[in-house]
Amino acid sequence: MSDPDSLYYRYYYFNPTISVSSGQMFLWQQIGNSWYGTYGDNIVKFTVLDDGRTSNSDSGSNSDRDSNSSKDNKFEFSSYPEIQGWERKVFRLDDNIGKVLSILSNDALVHEAIKKYHGLRLMRQEPHQCLFSFACASNTNITMIRRMLMNLSKKFGTKLTFDGREFYTFPSTKSLNMATLSDLQACGVGYRAKTIKAVAKHLISGNLDTDHLIHREYEEAKSELLKVYGIGNKIADCILLFSLEKLDAFPIDVWISKAISRYYYWLLDESGDTKLDKLSKNESLSTNQYTAVSRYLRRYFGEYSGYAQQFIYYHMREIAGRRW
DNA sequence: GTACAGGCAGTAT
DNA sequence: ATACTGCCTGTA
């Protein structure tokens, strides 16, 4: 890479476009060449500067590059109210991505996905927003979750203007705590209103403290989250991975479940765990099966299991022809 | 009309 | 321990 100012050069290549479209963060929208996202009280924005410059073959370091993304776009970042350098935090540019990808490349499937979805990053979410977002995520799909969160933001967030357009901040924990069940249900969240209330109550009372959980180990933080009504294994793992710095978390949803029975069944087989015998035909996991499967996969992928999960997840959605 | 979508809690076996 | 069931809501 000849341009020392390019983000590829400074941070190892990353592609915010593929990350925001991966479904790991719900409140993003594309307008023209720009993407706008809600990050708590702020609206963050990046624009793809398509300067037509294509990457040249610089001595093999690009050999893993997917041919589809051989063009190195530049990106411009801004926000309102302004947060300097938010992209570093949100796209986890502080991670040693070279090390992460190198370790995970030991697995054949993840290695393929890394090549294919070059530049995909894990995104770091604002913890309270992440908690409430996944409180809405049970038994539904991404389109519905987006709708619920947009409705909640309109009703309980603060309107602000950015680039001459209207946006809403994410609702404060306090406002969601004060809301009644029917206020929340008016946003189309249905029975999940009880989970939202439970999360708000735990946060307001100090019973659940995200700053505290960030500094605890995976197991301990997870058991705290599981005490909240409506938060189960999968949702807790998403919250841990996306906002509480648990890169070793490995959320298992139906897509990852498919990937496991297809590509990683040998791992469970090797474990000799009898309660996993029926897993190949029945892809839905009981609580105990989830815990067991999660343990083996986390042991296999190691401290960066969450990155592996993200690449596998994105891959499964892609080959299934995702639509949202 | 019916099945289903990035789960979970409650209840019955 | 494991299996089964209902749940809000919109879309196919």
Side-chain angles (χ1 to χ4, degrees), chain A residues 19-28 120 122-123 125 130-152 155 179-199 201-202 222-243 249-262 273-295 297 305-306 308-324:
Chain A
S19 299
V20 299
S21 64
S22 70
Q24 55 180 308
M25 199 170 175
F26 304 110
L27 289 177
W28 280 85
L120 175 63
L122 257 180
M123 291 175 71
Q125 305 187 19
C130 188
L131 268 160
F132 288 116
S133 296
F134 284 97
C136 295
S138 81
N139 192 27
T140 187
N141 55 47
I142 290 179
T143 309
M144 291 294 293
I145 299 167
R146 285 171 54 85
R147 179 174 308 162
M148 294 178 212
L149 295 178
M150 288 190 288
N151 290 340
L152 288 170
K155 194 173 170 85
T180 66
L181 280 181
S182 56
D183 287 340
L184 296 170
Q185 278 165 341
C187 299
V189 301
Y191 63 87
R192 303 168 191 85
K194 283 168 72 178
T195 307
I196 296 172
K197 287 293 289 180
V199 168
K201 193 177 165 188
H202 275 79
K222 183 164 181 178
S223 70
E224 288 301 309
L225 288 176
L226 291 177
K227 291 175 183 169
V228 182
Y229 175 90
I231 306 286
N233 258 321
K234 185 266 176 181
I235 288 176
D237 278 335
C238 287
I239 295 164
L240 291 168
L241 175 61
F242 296 133
S243 73
F250 190 85
I252 303 171
D253 55 34
V254 296
W255 297 97
I256 295 294
S257 202
K258 281 174 191 162
I260 291 171
S261 54
R262 228 189 263 181
D273 197 326
T274 53
K275 65 173 161 293
L276 302 178
D277 286 350
K278 287 187 283 186
L279 208 60
S280 52
K281 42 183 173 186
N282 180 14
E283 284 166 352
S284 77
L285 299 176
S286 71
T287 303
N288 287 332
Q289 284 178 331
Y290 186 108
T291 306
V293 173
S294 173
R295 182 167 57 246
L297 271 290
S305 292
Q309 191 269 6
Q310 195 55 38
F311 279 100
I312 296 168
Y313 175 78
Y314 195 71
H315 177 66
M316 295 303 288
R317 297 296 302 237
E318 282 294 306
I319 63 177
R322 70 194 162 92
R323 50 184 201 285
W324 63 66

From CD of A/Gln289 across to C1' of C/dA1 the rounded distance in Å is 11 Å

As its Watson-Crick or G-U partner within any shown strand, both distances under 3.5 Å, C/dG10 has B/dC4

Here the distance between atom C1' of B/dA9 and atom NZ of A/Lys227, to the nearest Å, is 18 Å

_Between the base of B/dG7 and the side chain of A/Tyr290, is one N or O donor paired with an acceptor at under 3.5 angstrom?_
no

Regarding the side chain of A/Asp253, the nearest nucleotide among B/dG6, B/dA9, C/dT9 is B/dG6

field: P gap between C/dT5 and B/dA3, integer Å
entry: 13 Å

Problem set entry | Any side-chain heavy-atom pair of A/Lys194 and A/Leu184 under 4.5 Å | no

Per atom distances to the A/Asn139 side chain, the nearest of C/dC7, C/dG10, B/dG10 is C/dC7

When rounded to whole Å, the CG to P distance for the pair A/Leu149 and C/dG10 reads 15 Å

Query raised in the report: NZ of A/Lys155: more than 12 outside heavy atoms within 6.0 angstrom?
Result: yes

Minimal heavy-atom distance between A/Tyr191 and A/Asn139, with the atoms involved, is OH-CB, 3.4 Å

| message | So A/Arg192, base contact, sugar-phosphate only, or nothing? Heavy-atom distance under 4.0 Å. | response | base

- Query: What distance, rounded to whole Å, do you find between the two P atoms, one in C/dA12 and one in B/dG6?
  - Reply: 13 Å

What interatomic distance, in whole Å, is found between P of C/dG6 and the corresponding atom of B/dT2?
14 Å

Does OP1 or OP2 of C/dT2 have a side-chain N or O of A/Asn288 closer than 4.0 Å?
-> yes

Walking DNA chain B from its 5' end, the first of A/Val228 and A/Ala137 to be reached, judged by nearest nucleotide, is A/Ala137

| request: Return no unless some side-chain N or O of A/Arg317 is found under 4.0 Å from OP1 or OP2 of B/dA5. | output: no

Taken to the nearest whole Å, NZ/A/Lys234 to P/B/dA5 is 14 Å

Here the distance between atom C1' of C/dC8 and atom CZ of A/Arg147, to the nearest Å, is 13 Å

Under a 3.5 Å limit on both distances, the Watson-Crick or wobble mate of B/dG10 is C/dC4

When rounded to whole Å, the CG to C1' distance for the pair A/Asp237 and B/dG7 reads 13 Å

Picking from B/dG7, B/dG10, C/dC8, the nucleotide nearest the side-chain atoms of A/Val254 would be B/dG7

Side chain A/Tyr191 and base C/dG6 donor-acceptor under 3.5 Å:
no

A/Asn233 CG to B/dG7 C1', in whole Å, measures 10 Å

Out of B/dG6, C/dT11, B/dG7, minimum distance to the side chain of A/Asn141 belongs to B/dG6

- prompt: Mind checking whether A/Tyr313 and A/Phe250 have ring centres under 6.0 Å apart?
  reply: no

Minimal heavy-atom distance between A/Asp237 and A/Ser294, with the atoms involved, is OD2-OG, 4.4 Å

For A/Ile231, report the nucleic acid contact type (base, sugar-phosphate, nothing); a contact means any heavy atom under 4.0 Å. sugar-phosphate

**Prompt:** Less than 4.5 Å apart, any side-chain heavy atom of A/Ile196 and any of A/Leu152?
**Reply:** yes

In whole angstroms, the gap separating P of B/dG6 from CD1 of A/Ile312 amounts to 18 Å

Checklist entry - Between C/dC8 and B/dG10, how far is it from one P atom to the other, in whole Å? => result 13 Å

